[in-house]
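Remarks on the structure that follows.
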Amino acid sequence: MPEAEGHSQAFQADVAKLLHLMVHSVYSDRDVFLRELLSNAADACERLRYEALKDPALAPDSFTIRISLDKNAQSLAIEDNGIGMSRQDLTDHLGTIARSGTRAFLDLFVPEGGDAGENADAREKLDLIGQFGIGFYSAFMVADRVDVFSRRAGSSEAFHWSSDGKGTFSIEPLAQDEAPVRGTRVVLHLNEASKEYLEAGRIERIIREHSSALTVPIELVEEKGSEPRQISDGAALWTKPKAAISEHDYKEFYQTLAGMFDEQALTIHWHVEGRQEYAVLAFVPGSRPFDLFDPSRSGRAKLYVRHVLITDAAEVLPRWLRFVRLVVDSADLPLNVSRETIQESPVFAAIKKAVTNRVLQELAKLAEGDKEKFTKVWDNFGAVLKEGLYEDPERRDALFDLARFATSTHPENGRGLKDYLGELQPNQTAIYYLLGEDLSHLSASPQLEGFRARGIEVLLLPDPVDAFWVATAVGFDGKPFKSVTQGAADIKSIPVKEKPEEGRSEPPAAGLATLYALMKQVLGESVEDVRASDRLSSSPACLVASDRGPDRRLERMLAASGRLGAASKPVLEINPGHPLICALATKIGTPDKQRFEDIIWLLFDEARVMEGEKPAATFADRLTRVLLGAVGQSTP
Ligand code: ADP
């Protein structure tokens with residue numbers, strides 16, 4: 001194909017990188033190219049269906065996707081009578097990377113100037129490309145050259161885009177007799193290794209496997225000049241009765257809808273008839289999408305009205321269910337108004353509420369019926385569901401029933417609040433929790449020692465969102481939530497299960513009181529108070545929030561985000577039974593004042609480090625001095 005002068009354009013840098021990657025790809029499942037092109041063709045038809053609501057003359061009598069094989073020319077063509085592309089569309093959509101997923105893939109796996117595919121590590125990562133979807137460019141996995149002939153609906157002009165996938169593409173005007181009446185024809189000139197895609201049987205199998213999510217009929221022309229044969233009727237899957245749908249169809253539909261290559265964890269499909277009429281097909285993914293915590297990511301529901309796609313970003317579910325992928329098809333919403341107005345209608349509000357309730361119900365059913373499966377769902381999406389605990393007080397109780405935790409006595413992530421209440425200790429009046437950064441730090445926290453000694457279970461809460469819901473939730477089943485790091489621990493009345501070690505004795509109370517006062521004097525403005533602790537059994541000291549202050553982790557998070565002036569001063573709690581404390585209490589008034597102060601500061605710093613905070617600036621000097629003392633040397 002000669003390139004007309006002045007029409008050859010370079011791909012955007014990212015596209016060139018991606019194309020190079022495709023050519024060197026060891027990606028095994030090359031069939032995806034057809035799935036991607038079929039899905040583009042179906043999208044194009046759905047978009048024209050929508051535009052034709054305003055201007056019916058734009059639409060054809062019926063939408064069809066046609067695949068034609070030509071053994072002589074060694075080409076495969078995919079033709080749709082959908083919306084088509086203008087010259088600008090061809091440049092923008094086929095010359096730059098429009099897909100956020102593809103961009104994310106490149107950013108993650110192809111370092112600047114890097115060459116994927118040439119080392120084992122990159123090759124492993126290449127298999128992940130499927131998860132991100134490579135769209136149109138996957139055509140270059142099987143073709144040496146791709147020609148796209150397209151006419152934008154309603155336009156008198158048509159264009160021809162062409163590229164060999166090596167860095168440039170060209171666009172030329174198309175003569176009317178060569179141009180499609182409507183829509184787009186993508187012609188793949190198959191490369192040597194891809195001749196298998198000229199076999200009708202092979203193509204038919206791929207279409208059958210991948211067409212359940214496509215709402216446009218697909219036909220196949222097996223050889224140039226032969227009659228087209230319908231392979232798929234294009235009936236929307238969600239309109240069919242459940243009994244007529246196979247597991248494979250659901251899975252395929254889910255993968256196309258979610259752009260994922262795994263298997264869904266839960267399928268929810270129902271039809272509502274009566275006062276309102278709608279169908280819903282929803283999926284909980286089997287793994288975390290890579291952009292789950294992207295703040296711009298919202299619910300991605302496809303909203304249809306009487307089988308016409310209105311938008312693929314309808315806000316049907318609340319943000320805390322944003323991982324659920326779904327299609328809603330209503331018979332009652334008004335078709336002749338804008339996308340926005342449709343979503344403001346009371347009918348839509350009623351659907352939203354009903355769908356949210358149903359999804360929650362089905363999750364609860366899964367939690368009851370298949371604990372293992374539900375735990376996996378919770379591991380993947382619990383951190384998102386917990387956002388609902390403070391964003392949606394109305395559904396808090398339903399969410400508390402679903403919530404699963406790792407706890408000090410059950411470190412695996414599967415403990416429910418009802419389980420917790422079933423094992424309360426005598427006199428225990430609260431549900432205790434500990435906030436932190438990650439589970440391993442949490443379970444090593446000194447603050448848990450006194451609770452462990454009494455057999456009291458503590459919820460370990462490692463997600464940032466935890467700090468917020470515990471602060472707003474009043475309690476569960478009449479028991480308040482209480483931080484183990486806040487205020488004086490009220491666990492004295494709960495009997496200790498482990499007997500203190502033999503021979504361990506506390507120094508006289510008077511000596512201890514003097515020691516605490518001295519410590520307070522040494523630490524000065526850094527602490528609010530120094531006092532004895534019920535929380536500790538093996539560590540010498542820990543930090544807690546004062547009785548009035550908020551939880552220390554919540555406070556740190558608020559301070560870090562600028563929503564609080566400065567974190568308040570902590571209380572240093574001391575373990576009076578610890579040998580180090582006993583020894584210190586007997587050394588009050590020793591001549592080596594420096595050593596005494598160093599030890600007090602190091603105790604404070606140790607408690608800070610255990611909380612994930614930084615020690616004081618004097619830490620290194622003091623530690624070195626004490627270590628020198630320990631090996632019998634004095635400071636140089
Ligand atoms: P995606 O489909 O995820 O957006 P692609 O790389 O597959 O990514 O396609 C890029 C864009 O090119 C599409 O969003 C669409 O605007 C346009 N496009 C591709 N194929 C067609 C087609 N058959 N008809 C109309 N537009 C198309």
Side-chain angles (χ1 to χ4, degrees), residues 11-12 14-19 21-22 32-52 58-60 63-68 76-106 129-143 146-155 157-163 165 169 171 174 179-188 210 213-216 218 255-261 289-291 300 302 309 311-313 325:
F11 282 113
Q12 182 203 35
D14 277 345
V15 181
K17 222 192 276 176
L18 182 71
L19 293 177
L21 207 143
M22 308 290 355
V32 288
F33 86 90
L34 195 55
R35 166 180 160 160
E36 297 284 354
L37 296 181
L38 281 174
S39 130
N40 281 349
D43 285 351
C45 295
E46 294 207 311
R47 283 169 57 200
L48 184 54
R49 241 181 223 147
Y50 179 76
E51 283 209 359
L58 288 179
F63 287 99
T64 333
I65 299 170
R66 176 179 293 178
I67 299 183
S68 309
L76 181 157
I78 297 151
E79 196 172 350
D80 65 69
N81 52 1
I83 189 110
M85 283 176 275
S86 64
R87 179 192 274 269
Q88 193 63 44
D89 290 339
L90 286 164
T91 311
D92 290 352
H93 297 144
L94 305 186
T96 55
I97 289 190
R99 270 196 181 198
S100 60
T102 312
R103 178 169 300 285
F105 169 78
L106 283 170
I129 198 168
Q131 274 194 25
F132 291 86
I134 34 187
F136 174 77
Y137 305 104
S138 57
F140 289 103
M141 291 198 299
V142 298
V146 177
D147 287 311
V148 179
F149 305 88
S150 195
R151 183 199 297 272
R152 167 81 209 196
S155 168
E157 297 174 314
F159 295 91
H160 171 200
W161 179 102
S162 183
S163 175
F169 62 89
I171 299 180
L174 251 186
V181 181
R182 241 190 216 95
T184 303
R185 183 164 76 242
V186 179
V187 181
L188 310 184
H210 294 305
L214 307 178
T215 56
V216 180
I218 302 170
Q255 293 186 337
T256 309
L257 179 70
M260 304 276 282
F261 271 53
F290 65 95
D291 59 346
R300 284 199 206 143
K302 275 189 150 182
L309 178 65
T311 165
D312 54 11
R325 293 310 184 93

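One is the number of the first residue; the rest follow in order along the sequence. Order of appearance sets the numbers: ligands from 1, and atoms from 1 within every ligand. Note that these values count all heavy atoms, side chains included, but never hydrogens, waters or copies made by symmetry.
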Please find the pair of heavy atoms, one from Ala179 and one from Leu174, that lie closest to each other, and give the distance. CA-CD1, 3.9 Å
Using heavy atoms and a threshold below 4.0 Å, how should the contact between His93 and ligand 1 be classified: side chain, backbone, both, or neither? both
Would you indicate whether the side-chain heavy atoms of Phe33 and Leu76 approach each other to under 4.5 Å? yes
Set of residues satisfying side chain to side chain contact (heavy atoms under 4.5 Å, CB included) with respect to Leu309, sequence neighbours excluded: Glu46, Lys302, Tyr304
Check whether any N or O atom of Ile83, backbone or side chain, sits under 3.5 Å from an N or O atom of ligand 1, and answer yes or no. no
Which residues pass the ring pair (Phe, Tyr, Trp, His ring centres under 6.0 Å) test with Phe149, sequence neighbours left out? His160
Numbered atoms and elements of ligand 1 in range of Arg47, under 4.0 angstrom, heavy atoms: 16 (O)
Any idea which part of Glu36 is under 4.0 Å from ligand 1, heavy-atom wise: side chain, backbone, both or neither? neither
Counting heavy atoms only, which of Asp43, Asn40, Asp89, Leu37 comes nearest to atom 7 (O) of ligand 1? Asn40
Check Asp80 against ligand 1 and report side chain, backbone, both or neither, counting heavy atoms closer than 4.0 Å. side chain
Please examine the side chains of Val146 and Ser163, heavy atoms only from C-beta on, and report whether any two atoms are closer than 4.5 Å. no
